[in-house]
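Presented below is the structure to which this report refers.
The chain is numbered in sequence order, starting from 1.
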Amino acid sequence: MRGVKLHAMLLALTLMTIGAGATFYQIYVLNIPVSESVTDPVWVIDARVQFRASGNVPVKVQMFVPPGSERYLVLNESFISQNYGVNVNRVGPNRQVTWSVRRAQGDQTLYYRKMLSRRFGGEQTAVETGPQFRARPPLEGVERAAAEALLAPIRQHSADVDTFISETIQRVNNLQDENVGLLLANDTSIDKRARVIETLLAVAHIPVEQVHTLRLMPTPNQTPELWLRSFNGTHWTYFNPATGDQGLPDDRIVWWIGATPVSSIEGGSRPNVTFSVTSSEVSAIQLAQDSQIVRDSAMLSFSLYDMPVATQEVFSVMIMIPLGVLLILLLRNLVGFLTLGTFTPVLVALAFRETEVLWGIVLFTVITTMGLSLRSYLEHLQLQLLSRLSVVLTFVVILMALISLFGHKLGWERGLSVALFPMVILTMVIERLSILWEERGATNAFKAAIGTLVAATLAHLLMTWPPLVYFCFTFPGVLLVMAGIMLLMGHYRGYRLTELLRFRALAGKH
């Protein structure tokens, strides 16, 4: 006996561990939201290219578009143009779209749109390496003297490449310095300062690249922000050329790399690119289904969300049945509820989904009471069990039809929902209540009926609570946890709560 208990306990713990582990993996590794109400911002970035076509000549427009990112999940990328061919190529570290048409005339507008989400990250791409050495640029005369004068204190105040770059940026942004002013040549724009920073770092044989970024904040007309980046041998380090701050903020994405303009055109003139950013809240579970890491997960390749919508609705009900059964098991074994079996309250609870609780209790009580009266009458006829059940079932159907008919005539639409009660279950309830009445008396039969209704009501409330339905449907591993608890309850032989109250007086005497 002890070996059987140990076997059952080990099996229960194994199931609970597997179920809890699967749920933990979904929540903390795949980042699946634990609540259906969780939403995440989805960023929509629009780039609009406007130009004037020369007319009667081929037109080719090229524009850099964002490369893949490990920070963001790309939900959608679209190129909107009329009569233009679209081709996307890799150009160095950049992606570039080319719009082309044989003939175009007058003002033209092309659109590029990208939708991003942060929660599930983006593409798991290999880190692109970069140069770690740059040849010294040809500087002569006063420019060379100014560069050396600026670099001398920088070498003393820096400990590695990253601090060297930060110190250089801070020195160049000190516009009061005469050497800085000489190199800037009265041009204090951020582009000019970035070029001076590149030059100074090149003198020290440190290569850096210009990076143009967009900030993810709702902006109708946003100008790309210039950053610098350097490869330190293992990863890219980003620097703000205006402040020297290190590390690209989370709310910025890289659009293109290099000093080349974002767009170029052949067969047209006056190209102008404008950027706008908007955001909206989208359900996190919908984003999870579009996430690459979730789609690639072997665990979720058989997710319930992959089934047709109609099938999902069916399983969202079925998957809650074990939870209702577990509740009835706890109510019977721990609390001491007297019910008509374990599954009858759960089936009645399922019927309550359509009838609602109050109407369901009324309809259940009326049909059961009338059925018991009929069953008592049939008992005097001394019919066999099968015949008696058949007659009771037939009259249950007639009662359900009459209640629905009168409910419809009186305008009680809820009376029509009585047809949703399972007829066979009502018939068996009537039969079991009748037998219990004969064997243990009316009191026990009344307690069993009340206990069944109370348990069914509690099970219905639990099985239809939306947050719990979502959690069980999204994380089906909890079913194994429930099965483990059921196995543990199978060997429970302790007192029930009702028994403790029942024998409380005897305990007080001792």
Practice item. Decide whether Ser189 and Asp191 meet the rule of one side-chain donor and one side-chain acceptor closer than 3.5 Å. Key: no

Exercise for review: Side-chain contact test, heavy atoms from C-beta onward, threshold under 4.5 Å: evaluate it for Ser81 versus Val86 and give yes or no.
Suggested key: yes

Practice item. Verify whether one side chain among Thr109 and Asp107 offers a donor that lies under 3.5 Å from an acceptor in the other. Key: no

Exercise for review: Taking Asn94 for its side chain and Ile257 for its backbone only, find out whether a donor-acceptor pair lies under 3.5 Å.
Suggested key: yes

Exercise for review: Flag the pair His212 / Trp255 as yes when their ring centroid distance falls below 6.0 Å, and as no otherwise.
Suggested key: no

Check your understanding: Taking all non-hydrogen atoms of both residues, which atom of Val59 and which atom of Ala53 are closest, and how far apart?
Key -> CG2-CB, 4.2 Å

Revision key, fill the gap. Heavy-atom nearest pair, Gly324 first then Met463, reads CA-SD, 3.7 Å

Practice item. Check the side chains of Ser35 and Ser37 for a donor-acceptor pair under 3.5 angstrom, ignoring hydrogens and angles. Key: yes

Exercise for review: Check Gln26 against Thr474 and note the closest heavy-atom contact, atom names and distance.
Suggested key: NE2-O, 2.9 Å

Exercise for review: Quick one: closest heavy-atom pair of Val273 and Met63, and the distance?
Suggested key: CG1-SD, 4.0 Å

Check your understanding: Hey, does the side chain of Arg95 reach the backbone of Pro66 with a donor-acceptor pair shorter than 3.5 angstrom?
Key -> yes

Which atom pairs, one a donor and one an acceptor, fall under 3.5 Å between side chains of residues 193-204 and the rest of the protein, sequence neighbours left out?
{"residue": "Arg193", "atom": "NE", "partner": "Thr188", "partner atom": "O", "Å": "3.1"}
{"residue": "Arg193", "atom": "NH1", "partner": "Asn173", "partner atom": "OD1", "Å": "2.5"}
{"residue": "Arg193", "atom": "NH2", "partner": "Thr188", "partner atom": "O", "Å": "3.4"}
{"residue": "Glu198", "atom": "OE2", "partner": "Gln210", "partner atom": "NE2", "Å": "2.9"}
{"residue": "Thr199", "atom": "OG1", "partner": "Arg195", "partner atom": "O", "Å": "2.9"}

**Study point:** Heavy atoms from other residues, nucleotides or ligands near CG of Asn186 exceed 12 (cutoff 6.0 Å)
**Key:** no

Review point. Just by distance, do the side chain of Ser316 and the backbone of Glu313 share a donor-acceptor pair under 3.5 Å?
Key: yes

Review point. Crowded around Arg144 CZ? As in, over 12 foreign heavy atoms under 6.0 Å?
Key: no

Point to revise | Intermediate values then yes/no, side chain to side chain contact (heavy atoms under 4.5 Å, CB included), Leu248 and Val254 | key: CA-CA 9 Å; Leu248 192 66; Val254 174; 3.9 Å; yes

Review point. Judged by atom type as modelled, is there a donor-acceptor pair below 3.5 Å linking the side chain of Ser279 to the main-chain atoms of Met217?
Key: no

**Study point:** Exercise: identify the closest heavy-atom pair between Gly244 and Phe239
**Key:** O-CD2, 4.4 Å

Practice item. Could you pull out the closest heavy-atom pair between Ser117 and Leu75, with the gap in Å? Key: CB-CD1, 4.2 Å

